[in-house]
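Reading through the structure tokens given below for one structure.
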2 protein chains.
Amino acid sequence: MFIFTKYLSYRIKHMDNRKEKNESDAAGSDYMHGLAIDAVIFGFHDHQLKVLLMQYKRSNIYALPGGFIHKEENLEDAAHRVVSERTGLTDIYLEQFHVFGDAHRADPAPLRSIMMANGFEPGENHWLLQRFVSIGYYALVDFTKVTPMPDRIFDGCNWYGLNDIPPLMQDHETIVKKALESLRTNLDNKLVAFNLMPEEFTMNDLQALYETILDKKLLRPAFQRKILSLNILQRIAKKWTGGAHKAPYLYKFIR
Amino acid sequence: MFIFTKYLSYRIKHMDNRKEKNESDAAGSDYMHGLAIDAVIFGFHDHQLKVLLMQYKRSNIYALPGGFIHKEENLEDAAHRVVSERTGLTDIYLEQFHVFGDAHRADPAPLRSIMMANGFEPGENHWLLQRFVSIGYYALVDFTKVTPMPDRIFDGCNWYGLNDIPPLMQDHETIVKKALESLRTNLDNKLVAFNLMPEEFTMNDLQALYETILDKKLLRPAFQRKILSLNILQRIAKKWTGGAHKAPYLYKFIR
DNA sequence: TTACTATTGTAACAATTTATTACAATAATA
DNA sequence: TATTATTGTAATAAATTGTTACAATAGTAA
């Protein structure tokens, strides 16, 4: 079904502005067959990790944002395009983390019936009914900068807390889990986490992010000392206003 | 050319035992189109990291071992098959490390002329002439257990020291470089290195391996203490015989 | 047998990093 | 102005890592 919606999405765009693209036919032959991209888009809000999920037409069918690769498009470009279309962002931190290629990861039968229910008669060997290998990317985005963008097929595009994810189609739950694993192992090596923070943030925000991703408590003084020793934070003179206590500094990421 | 040899290899196997498989035609339609696997097979010998490379028919055309994915075959299984066919091993440590998907990473023109020179007339849209996305796996194998196996197309299948690699076709040099990078970052986290050692080895052998992979000198006492503290080595009572000095212990990997 | 050599195994200590405790500073509230 | 909760960081303890040193020993050659 997911695949189908990608396909429908394609068809509708195609109808919208035929001139814009030069697809050779309406059956989607401008795309590479058998290959797809699925994106796990991470954001951080209310001290919680969230992912952007698509919801299918007032139903309870949820899926990861995804898409196909144009025949003349680089893989990386396709991934950026997919994430860009759902978030409205242009400067996106993307990491290719795993390829999901089990032969029977998606059952074509339900897709076929949905296609037919929608008045489309796919041939026996239609590419959308064949096996798909999916390349998993995760994106780290500034939650506050994102405008979740549904399309005509997916009328829902919303953030879901990691502990609050609805049942997902196909193997998308596996994909989310694997993305989180990869994010965790990348956290120490690369300075990846900052892509999830807004422009300005407190040390406490940052620690909450690390604690959420690593799923364990960290000691405040040790965390602060460690992060500051990296010399990647600039302390902004301004201070935050809040409760009945000392005001924390605001930081921003440099370089 | 690489792709072509994969293809030729397929055709010849097909001729050998048509009954064994149920491919629908001789043009390779049993394989997923547009997708390939390339394997960087690492071994360690003479205190040097080596990779297994294929050589094309008495020419100077070198390539990584690779292959396609059967339409009903899991990705992982295909990768195991590819490595198994070239090494003779069955129990293989494999890591999927990156997908190479630039639109123009392989120029089809030379392939076409080679195909024609070999008496094959590919149609304009033959799948082998289309774009290929390649999934990179690296394998870590016990050098002493490997029997490099050429096939009828690649008459050469040999080990090459990492500092002694001949020019490779397409983007295979990039693939090797990226594989090494991934191996390096995996070295600390996973206990990956032991897959490159033979059954029994000295601490010195192991240190040489780490030094080669990380490309830097390590201090002997610190290395020994660190490794032993992991409690993954069993000291075998036997000792090695060699030069005019104290004999080192032999170790083997446990669990 | 007995020095001599080169390398091994590990102790000992130093330097550094990480973990933990403690406490003064302070923004809001009453 | 005292109270409260939280922040920033100093001080110390514990653990890890880096470095030096040296006894042990398998071979070689007198």
Side-chain angles (χ1 to χ4, degrees), chain A residues 46-48 184-185 187-191 193-194 197-254, chain B residues 46-48 184-185 187-191 193-194 197-254:
Chain A
D46 284 341
H47 283 200
Q48 232 204 326
R184 266 180 198 146
T185 55
L187 198 57
D188 297 321
N189 308 330
K190 317 187 180 185
L191 294 172
F194 297 96
M197 289 275 107
E199 277 295 308
E200 307 183 344
F201 50 88
T202 68
M203 194 56 79
N204 194 21
D205 292 337
L206 190 60
Q207 183 176 343
L209 172 62
Y210 271 81
E211 287 180 342
T212 308
I213 296 180
L214 298 174
D215 195 24
K216 68 175 177 189
K217 282 280 162 206
L218 302 174
L219 288 164
R220 195 172 56 84
F223 180 78
Q224 173 132 338
R225 179 157 39 80
K226 180 67 171 293
I227 294 289
L228 288 179
S229 77
L230 296 175
N231 291 318
I232 48 171
L233 289 191
Q234 183 181 352
R235 183 176 283 177
I236 305 170
K238 287 181 283 178
K239 302 183 180 188
W240 176 255
T241 162
H245 53 74
K246 187 174 177 179
Y249 286 105
L250 282 175
Y251 292 91
K252 79 181 206 193
F253 184 47
I254 48 174
Chain B
D46 284 342
H47 284 200
Q48 233 203 325
R184 267 181 199 146
T185 55
L187 197 57
D188 298 321
N189 308 330
K190 318 188 179 183
L191 294 172
F194 297 95
M197 289 275 107
E199 276 297 305
E200 308 182 344
F201 50 88
T202 67
M203 195 57 78
N204 193 20
D205 292 336
L206 190 61
Q207 183 176 342
L209 172 62
Y210 271 81
E211 288 180 341
T212 308
I213 295 179
L214 298 174
D215 196 25
K216 68 175 177 189
K217 282 280 163 205
L218 302 174
L219 288 165
R220 196 171 56 84
F223 180 79
Q224 174 132 337
R225 175 155 38 84
K226 181 67 170 294
I227 293 290
L228 289 179
S229 77
L230 297 174
N231 291 319
I232 48 171
L233 290 191
Q234 183 181 354
R235 184 177 281 178
I236 305 170
K238 286 181 283 178
K239 302 183 181 186
W240 176 256
T241 164
H245 52 75
K246 187 174 178 180
Y249 286 106
L250 281 174
Y251 292 91
K252 79 182 204 194
F253 184 46
I254 48 174

Inset, instruction - State which residues pass side-chain hydrogen bond (donor to acceptor under 3.5 Å, both in side chains) with B:Gln48; sequence neighbours excluded, sorted by chain then number. - result: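 Listed in chain order: nothing, the list is empty.
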Legend entry - Residues in side-chain hydrogen bond (donor to acceptor under 3.5 Å, both in side chains) contact with B:Gln224, at least two apart in sequence or another chain: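 Once residues adjacent in sequence are excluded, B:Gln224 has no partner under the side-chain hydrogen bond (donor to acceptor under 3.5 Å, both in side chains) criterion.
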Can you list the residues that meet the side chain to side chain contact (heavy atoms under 4.5 Å, CB included) rule with [X], with sequence neighbours excluded?
X        : result
A:Lys216 : A:Leu214, A:Leu218
A:Pro198 : A:Asp142, A:Thr144
A:Ile254 : A:Gln234

Between [N] atom [atom2] and [X] atom [atom1], what is the distance in whole Å?
X        : N      : atom1 : atom2 : value
B:Leu250 : C:dT8  : CG    : P     : 12 Å
B:Gln207 : C:dT10 : CD    : P     : 15 Å
B:Phe223 : C:dT8  : CZ    : P     : 13 Å
A:Lys246 : D:dT9  : NZ    : P     : 7 Å
B:Leu218 : C:dT8  : CG    : C1'   : 17 Å

Inset, instruction - Output yes when at least one side-chain N/O atom of B:Asn204 is less than 4.0 Å from OP1 or OP2 of C:dT7, else no. - result: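 Checking C:dT7 against B:Asn204, no side-chain N or O comes under 4.0 Å of OP1 or OP2.
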Legend entry - Any B:Arg235 side-chain nitrogen or oxygen under 4.0 Å from OP1 or OP2 of C:dT10: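 Looking at the OP1 and OP2 atoms of C:dT10, one of them is under 4.0 Å from a side-chain N or O of B:Arg235.
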Inset, instruction - Can you sort out the partners of A:Glu199 under salt bridge (charged side-chain N to carboxylate O under 4.0 Å, His left out), two or more places apart, ordered by chain and number? - result: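 Residues passing salt bridge (charged side-chain N to carboxylate O under 4.0 Å, His left out) with A:Glu199: none at all.
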Name the pairs: protein N/O against N/O of nucleotides 21-23 of chain C, kept only if under 3.5 Å.
none

Legend entry - Residues touching DNA chain D, which here means a heavy atom under 4.0 Å, drawn from residues 224-232 of chain A: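 Those residues are A:Gln224.
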Legend entry - Expected output: side-chain B:Asp215 to main-chain B:Thr212 donor-acceptor under 3.5 Å: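 Absent.
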Legend entry - Within residues 197-219 of chain A or reaching into it, pairs that qualify as ring-ring contact (aromatic ring centres under 6.0 Å, His included) - sequence neighbours excluded: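 Qualifying pairs: A:Tyr210-A:Phe223.
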